Amino acid sequence: MTDPSTVMTDPTTGGRDGFPHLVRAEWTKFRTVRGWVAGMTLAVVLVVALGLLSAAGSHASCGMGGVETACTLTTGPGGEAVSDRFFFVHRRLDGDGSITVRVDSMTGQIRLPDTVPGVRRVVAGVVPWAKAGIMVKDGVREGASYAAVMVTARHGVRMQHDFTEDVAGRSGGVSPGSPRWLRLTRSGGTLTGYESVDGRRWTVVGTARPAHLPAAVEAGMFVASPGDLTVSRGDLGGASVQVRFTEATAVFDQVRVEGRAGGTWSHDDVGVAYEADGRTPHHPGRFTESGGAFAITGVGDVAPSVDGVRIESTLSGLVVGLVAVIVVAVLFVSAEHRRGLFRTTLLAAPRRGRAFAAKALVVGAVAFAAGLAAALTVPLGARVLRANGNAVLPVSTFTELRVVAGVAALTAAVAVLALACGALVRRGATAVAAVAGLVVVPHILATASVLPPEVARWLLRLTPAAGFAVQQSVPEYAQVLGYYSPQGGYYPLPPLAGLAVLCGYAALAAVLAAVRIRKGDA
């Protein structure tokens, strides 16, 4: 290993304390000490190797008709993964027009775990996001663009379009003796949803401009009922998640279609799954009509899907790689303190704050480059996962770039925090343990099903481990009931907000270290 004392700045050089000169000097120190370069290289290798090894070991297949195939996802107009299963009673609508209905009632059933083997246990009820309403859709293909206004079991009237967009209405859901009127009108590319309690006075719920609606669309009534989610907590704070079958039935009457409506009412069980024979529908929907009233039963959901493998799963080695970065960043300053060389650096650069700033800039830039190289495992690992039959949740190019750049920024911020702690504590082992305890340990505890979700969320809000939020690629959706917890890979802060918390800690530590150095306590 090269001795750092051999790469000190030359006090006789003109402009020796100029900041660019200091940065060059610190960079020369770093690159000539083979142990530091090897440490950063090791961090990259650990992240990439562990990520690709994890991806290579993950295999999945989905069977249909006795044939195993790669798992696939339905995608919406924006390219995101979606769930698009519902029962649809519809007719063609050309150009502008409207559809008006009254939702008279909504009932349903939920299957609970069997208490007697082989005996189905079903209870009456509807899940909070059971939906019944009217929809305008680009045909009946799964993932096709649409707009809909609906009543829900527990979330009132909503207007949704293209799966990710959701607007709340003013009134509550339908209940016995309290039906809800709904109306959806189309004018060009704009659809407007209305609600009413009496069919005379109407209130706008929202407007939408779906991405791909042709002139001729399918307009009609639909019902969907997502699975019933139950989370069971273990003694150590872990969780077991179960999703059980449900279905909902809604009664529609006072149905009126205005505009150029063609043909008679037809029906489709959109997105229906099939049994192993590939022909028999699994939990099919259905409908009946009597005297202009429709009773429609549906299962499934019309919403974004969060079921699948996420691209950040390829970053399983990030925590281990960060430990290597922390060690190198601490040694970058503590090695000089241990040998009494940092005073020599300050003699060569009398402006003490600048000397430390140059050191922080170098270690931050090197760590950023290392993090950027390590984060390339994200696109590479995702490709391996797909080749192994896994259904990887698609994300936009911007999101993927944000994850990659965010991991690089996370690595740089951790390196600066470690450098500052090393300058403050002066003892390498103590500084490494302190930074790991602030960054790595809270993240492990919060995501390893060790702590209750509430405690885990607070850890990821208040500690530097909040920075790990920058790797989250799939957001929480208010209209999708899911297990949104750190154990499930969901962070309590948005990606950039979490990174800002980490950067705040790093900046504070750097300021304290600079103040101590300026006071001559070096």
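Just the heavy atoms: all of them, side chains too, but no hydrogens, waters or symmetry mates, feed the values below. Predicted model only: the values in this text are computed from it and were never measured.
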Just jot down the side chain to side chain contact (heavy atoms under 4.5 Å, CB included) partners of [X], sequence neighbours excluded, or say none.
{"X": "T280", "answer": "E275, D277"}
{"X": "N388", "answer": "H59, V384, N390"}
{"X": "P128", "answer": "R154, H155"}

(Q) Determine whether F245 and H283 satisfy the following criterion, ring pair (Phe, Tyr, Trp, His ring centres under 6.0 Å), listing intermediate values before the conclusion. (A) CA-CA 9 Å; F245 167 77; H283 294 308; 3.8 Å; yes

Relative to the ring of F222, is the ring of F86 parallel (under 30°), tilted (30 to 60°) or perpendicular (over 60°)?
-> perpendicular

Testing the 3.5 Å rule here: is there a donor-acceptor pair between the side chains of S473 and E312?
yes

field: T185 versus S98, side-chain donor and acceptor atoms under 3.5 Å
entry: no

For residues [X] and [Y], determine if any side-chain heavy atom of one lies less than 4.5 Å from a side-chain heavy atom of the other.
{"X": "V127", "Y": "P226", "result": "yes"}
{"X": "I296", "Y": "F88", "result": "no"}
{"X": "V157", "Y": "R170", "result": "no"}
{"X": "L322", "Y": "T411", "result": "yes"}
{"X": "V101", "Y": "M221", "result": "yes"}

Can a donor-acceptor pair be found, under 3.5 Å and without considering hydrogens, that links the side chain of [X] to the backbone of [Y]?
{"X": "T314", "Y": "I311", "result": "yes"}
{"X": "S145", "Y": "A211", "result": "yes"}
{"X": "T377", "Y": "G381", "result": "no"}
{"X": "K137", "Y": "A144", "result": "yes"}
{"X": "T463", "Y": "L459", "result": "yes"}
{"X": "Q472", "Y": "Y491", "result": "yes"}
{"X": "D269", "Y": "G285", "result": "yes"}
{"X": "D96", "Y": "G188", "result": "yes"}
{"X": "K131", "Y": "S225", "result": "no"}

Sequence neighbours excluded, the answer for ring-ring contact (aromatic ring centres under 6.0 Å, His included) partners of Y194 is none

Sequence neighbours excluded, the answer for ring-ring contact (aromatic ring centres under 6.0 Å, His included) partners of F368 is none

**Request:** Determine whether the aromatic ring centres of Y146 and H161 lie less than 6.0 Å apart.
**Result:** no

Problem set entry | H282-Y274 aromatic ring centre distance below 6.0 Å | no

Between the side chains of E400 and R402, is the shortest nitrogen-to-carboxylate-oxygen separation below 4.0 Å, so that they form an ion pair?
no

Between R141 and D84, does at least one N-O distance fall below 4.0 Å, as a salt bridge requires? no

Contacts satisfying salt bridge (Lys or Arg N to Asp or Glu O under 4.0 Å) that involve residues 201-226 (not counting sequence neighbours) are D198-R201

